[in-house]
Amino acid sequence: MSTNWYCLRVISNKERKIKERLDAHIERSNWREIVPHIIVPTEKIYKIRNGKKVIQERTLTPGYIMVEADPHRFTVEIIQAIANSKDVIHFLGRDNPEPMKEHEVKRMLSQVDSSEEEGESLADPFIIGEDVKVIEGPFQNFIGTIQEVNEEKKKLKLIIKVFGRGTEVELNFMQVEKQS
């Protein structure tokens, strides 16, 4: 079975709920062979709050869901059932959905795959030259300026003023927090 991917415009911030609702409707209507997958492209990100790593999923394409369907069996009935669901705006192409181009599909799916392989990325990355507050360890409550960021090891090199002199220290992301 050869399938195409279609782009469905939806109310932003409700993508997951809509996907769940559509999946349930497709199962009830026995359309799973015609519409095998519905995807909300997401990536895992983390933020540091009160010295704790908080992992969240962020939607890569707010307001859009990807729908895979067999173009030969994707009938007006199925299209309208999906398009007329709660919080769905319309397919791109409205009543005659336009399939996404292959390179668009590959790019979106590879972004989702790479996000899963790499794990999480920092939602609000550290920037060289930025001041951060040390929240853990012997330099707790000191303010340091970021000199180097090692994303792979999740470490920072900071210059902290101790007795009026700049001292270089290496800390992990969890030991500092951004200045408000």
Side-chain angles (χ1 to χ4, degrees), residues 1-50 52-128 130 146 149-154 173-174 177-178 180:
M1 167 175 92
S2 112
T3 60
N4 287 335
W5 285 92
Y6 300 89
C7 201
L8 186 62
R9 186 121 189 268
V10 299
I11 301 293
S12 203
N13 296 324
K14 295 191 177 193
E15 296 88 356
R16 283 185 191 81
K17 263 283 179 240
I18 296 165
K19 176 201 181 320
E20 288 170 17
R21 224 179 288 126
L22 290 175
D23 276 332
H25 186 60
I26 286 163
E27 287 298 327
R28 274 193 315 273
S29 304
N30 292 319
W31 292 337
R32 190 50 75 196
E33 281 185 20
I34 301 164
V35 183
H37 298 102
I38 296 175
I39 294 178
V40 177
T42 59
E43 66 179 341
K44 283 188 171 59
I45 58 166
Y46 69 90
K47 294 179 178 179
I48 296 175
R49 283 199 200 114
N50 303 325
K52 296 210 176 8
K53 184 176 176 178
V54 179
I55 298 174
Q56 298 174 322
E57 270 195 349
R58 177 170 57 194
T59 304
L60 287 171
T61 54
Y64 293 92
I65 292 177
M66 293 173 63
V67 177
E68 183 184 24
D70 176 350
H72 307 295
R73 297 166 60 203
F74 200 34
T75 63
V76 172
E77 176 194 3
I78 298 170
I79 292 166
Q80 286 180 344
I82 292 172
N84 293 331
S85 296
K86 184 176 190 251
D87 297 325
V88 170
I89 299 170
H90 58 74
F91 276 102
L92 293 188
R94 309 265 176 180
D95 295 333
N96 190 8
E98 288 179 33
M100 293 173 68
K101 292 178 176 51
E102 198 170 327
H103 72 274
E104 295 171 328
V105 174
K106 282 183 179 168
R107 190 189 62 194
M108 289 308 305
L109 295 178
S110 72
Q111 276 184 293
V112 171
D113 288 346
S114 71
S115 168
E116 286 173 6
E117 287 167 14
E118 292 168 16
E120 319 87 34
S121 60
L122 190 59
D124 193 8
F126 292 108
I127 301 163
I128 293 173
E130 178 178 36
I146 298 173
V149 179
N150 186 332
E151 192 68 49
E152 280 178 27
K153 293 183 180 175
K154 311 278 187 239
F173 288 3
M174 305 302 287
E177 70 182 10
K178 289 183 168 260
S180 307

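As the structure is a computational prediction, the values presented were derived from the model and not from experiment.
- When side chains are defined from C-beta on, V76 counts as touching Q80, because their heavy atoms get closer than 4.5 Å.
- Counting heavy atoms from C-beta outward, Y6 and E68 have side chains that stay 4.5 Å or more apart.
- To the nearest 0.5 Å, the span separating OH on Y64 from CE on M100 amounts to 10.5 Å.
- Between F74 and F91, the angle of the ring planes goes over 60°, which puts this pair in the perpendicular group of the 30/60° scheme.
- Here the straight-line distance linking atom OG1 of T3 with atom CZ of R73 works out to 12.0 Å at 0.5 Å rounding.
- By the 4.5 Å heavy-atom criterion applied to side chains, P97 and L92 are not counted as neighbours.
- With rounding to the nearest 0.5 Å, the separation of NZ in K19 from CG in L8 is 12.5 Å.
- Here the side chain of E20 pairs no donor or acceptor atom with the backbone of K17 at under 3.5 angstrom.
- Between the E15 side chain and the N13 main chain, a donor and an acceptor come within less than 3.5 Å of each other.
- Proximity of M66 to P41: side-chain heavy atoms (C-beta onward) are separated by under 4.5 Å at one or more points.
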Take K153 and F173 through the test side-chain contact (heavy atoms from CB on, under 4.5 Å) and record every step on the way to the result.
CA-CA 9 Å; K153 293 183 180 175; F173 288 3; over 6 Å; no
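- Proximity of F126 to K178: side-chain heavy atoms (C-beta onward) are separated by under 4.5 Å at one or more points.
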Could you go through V67 and H37, starting from their C-alpha distance and side-chain angles, then the distance that decides it, and tell me whether this counts as side-chain contact (heavy atoms from CB on, under 4.5 Å)?
CA-CA 6 Å; V67 177; H37 298 102; over 6 Å; no
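- Heavy atoms only, all atoms of each residue included: S2 and P71 are closest at O-CD, 3.4 Å.
- The salt bridge (charged side-chain N to carboxylate O under 4.0 Å, His left out) contacts involving residues 82-98 comprise K14-D87, R21-D87, where partners must be two or more places apart or lie in separate chains.
- Here the CD1-CH2 distance, from I38 to W5, works out to 9.0 Å after rounding to the nearest 0.5 Å.
- For the atom pair CD1 of I39 and CG of L60, the computed distance is 11.5 Å after rounding to the nearest 0.5 Å.
- The local environment of CG in N96 is sparse, with at most 12 non-hydrogen atoms from other residues, nucleotides or ligands closer than 6.0 Å.
- A donor-acceptor pair under 3.5 Å links the side-chain atoms of E130 to the main chain of I127, judged by distance alone.
- In this structure, S29 OG and I78 CD1 are separated by 8.5 Å, a value rounded to the nearest 0.5 Å.
- Side-chain contact between V149 and I146 is present, with at least one heavy-atom pair separated by less than 4.5 Å.
- Side-chain atoms of R16 and T42, non-hydrogen and from C-beta on, do get closer than 4.5 Å to each other.
- Partner of V10 under the side chain to side chain contact (heavy atoms under 4.5 Å, CB included) criterion, out of L22, I65, V40: I65 alone.
- Across every non-hydrogen atom of S12 and G63, the tightest pair is OG-N, 3.8 Å.
- Using a 4.5 Å heavy-atom threshold, the side chains of I11 and I89 count as touching.
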